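Notes to accompany the following structure.
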Amino acid sequence: MDKAKTSTSKGIFMIDARSGFAKDGAKNRLREQDIRRIFDAWETLENLEKNGNLDDKEEAIPHFARFVPYTEITNERNGCNLNVSRYITLVDTEIQQDLYAHLKLNGGLPVKDVEDGFSYLWRHCPTLKRRAV
């Protein structure tokens with residue numbers, strides 16, 4: 001937090017750098033690329049604020065950084081909690097499943113999964129696709 005701007009600031013920049021580090025025994029160490037990403041995010045947020053383009057409703061850098069207004073931090077739901085995960089959404093790594101296709105095929109593979117997974121192979125061996133599908 002920049003103490004020089006506290007009287008004019010309307011919120012704080014939050015950066016979620018929990019995924020950017022190297023494990024070193026019991027410690028987590030920031031690598032040069034992680035430090036650079038944090039610095040670039042900070043610079044981006046500052047430039048957006050300076051130019052008046054800072055949107056406090058959405059993440060400036062999705063799943064990594066955003067400007068959070070004091071009104072959101074102090075509202076009843078958040079109760080002045082500064083836990084970063086309250087304000088920056090995690091990347092959804094859940095694999096979407098086509099349940100209808102699984103049930104319809106009695107546990108087989110949905111056509112879309114086969115198409116997506118083997119698209120490179122199908123492009124180069126079209127006769128193989130005709131025999132397999």
Side-chain angles (χ1 to χ4, degrees):
M1 189 171 204
D2 190 351
K3 291 181 183 178
K5 296 180 183 177
T6 53
S7 61
T8 59
S9 177
K10 292 179 173 57
I12 60 174
F13 296 141
M14 287 201 171
I15 299 174
D16 185 1
R18 77 179 103 182
S19 63
F21 62 86
K23 200 79 168 140
D24 184 15
K27 297 180 180 178
N28 297 333
R29 300 202 186 271
L30 289 173
R31 301 165 294 190
E32 188 175 330
Q33 68 225 29
D34 306 322
I35 295 169
R36 184 66 200 189
R37 185 170 185 218
I38 293 167
F39 176 79
D40 288 346
W42 180 265
E43 214 170 43
T44 299
L45 290 168
E46 275 199 326
N47 287 335
L48 286 171
E49 182 185 42
K50 188 172 28 175
N51 297 333
N53 297 331
L54 198 56
D55 184 1
D56 58 6
K57 302 286 186 263
E58 63 181 60
E59 295 176 4
I61 302 169
H63 312 294
F64 188 68
R66 76 174 273 226
F67 174 79
V68 183
Y70 291 133
T71 54
E72 184 177 345
I73 294 168
T74 59
N75 71 18
E76 191 175 303
R77 185 176 149 252
N78 293 321
C80 297
N81 187 331
L82 292 176
N83 188 336
V84 174
S85 61
R86 282 185 179 258
Y87 307 100
I88 299 176
T89 59
L90 293 173
V91 176
D92 185 13
T93 56
E94 183 179 335
I95 298 171
Q96 299 296 318
Q97 297 291 328
D98 184 353
L99 295 178
Y100 175 75
H102 284 298
L103 294 172
K104 181 180 171 189
L105 299 171
N106 295 323
L109 294 172
V111 175
K112 183 182 182 321
D113 291 354
V114 174
E115 288 292 328
D116 292 348
F118 292 103
S119 61
Y120 177 81
L121 184 62
W122 299 151
R123 267 195 313 273
H124 296 286
C125 303
T127 55
L128 182 62
K129 179 181 179 181
R130 285 190 289 271
R131 279 196 246 154
V133 179

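In this text the structure is predicted, and so the values were computed from the model without any measurement.
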Just wondering, are more than 12 heavy atoms of other shown residues or ligands nearer than 6.0 Å to NZ in Lys27?
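Incorrect, the count does not exceed 12.
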Please indicate whether Glu32 has more than 12 foreign heavy atoms, meaning atoms of other residues, nucleotides or ligands, lying under 6.0 Å from its CD.
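No, the 6.0 Å shell around CD holds no more than 12 heavy atoms from other groups.
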What pair of heavy atoms forms the shortest contact from Ile38 to Ala17, and how long is it?
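Looking at all heavy atoms of both residues, the shortest contact is CD1-CB, 3.7 Å.
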What closest approach, in Å, do Leu45 and Ala65 show between heavy atoms, and which atom pair accounts for it?
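The pair with the smallest heavy-atom distance is CD1-CB, 3.9 Å.
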Begin with the C-alpha distance, continue with both residues' side-chain angles, and end with the deciding distance and a verdict on side-chain contact (heavy atoms from CB on, under 4.5 Å) for Met14 and Leu82.
CA-CA 9 Å; Met14 287 201 171; Leu82 292 176; 3.9 Å; yes
Roughly how far, to the nearest 0.5 Å, is [atom2] of [Y] from [atom1] of [X]?
X: Leu121; Y: Ser119; atom1: CG; atom2: OG; answer: 9.0 Å
X: Arg66; Y: Ile15; atom1: CZ; atom2: CD1; answer: 13.0 Å
X: Ile88; Y: Asn83; atom1: CD1; atom2: CG; answer: 10.5 Å
X: Glu46; Y: Phe13; atom1: CD; atom2: CZ; answer: 5.5 Å

Go through the steps to decide whether Arg31 and Phe21 satisfy the test side-chain contact (heavy atoms from CB on, under 4.5 Å), and finish with yes or no.
CA-CA 6 Å; Arg31 301 165 294 190; Phe21 62 86; 5.8 Å; no
Does a side-chain N-to-carboxylate-O contact under 4.0 Å join Asp40 and Arg37?
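Arg37 and Asp40: not salt-bridged.
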Asn78 side chain to Asn75 backbone, donor-acceptor under 3.5 Å:
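Side chain of Asn78 to backbone of Asn75: no pair is present.
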Would you mind reporting whether [Y] and [X] have side-chain heavy atoms less than 4.5 Å apart?
X: Asn28; Y: Lys23; result: yes
X: Phe67; Y: Ile12; result: no
X: Asp16; Y: Tyr87; result: no

Are Phe39 and Phe64 connected in the hydrophobic side-chain network, where two residues link if heavy atoms are under 4.5 Å apart?
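Cluster IDs for Phe39 and Phe64 differ.
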Run the side-chain contact (heavy atoms from CB on, under 4.5 Å) test on Ser85 and Arg18 for me, step by step, so that the C-alpha distance in whole Å, both residues' side-chain angles and the decisive distance to 0.1 Å come before the verdict.
CA-CA 10 Å; Ser85 61; Arg18 77 179 103 182; 3.6 Å; yes
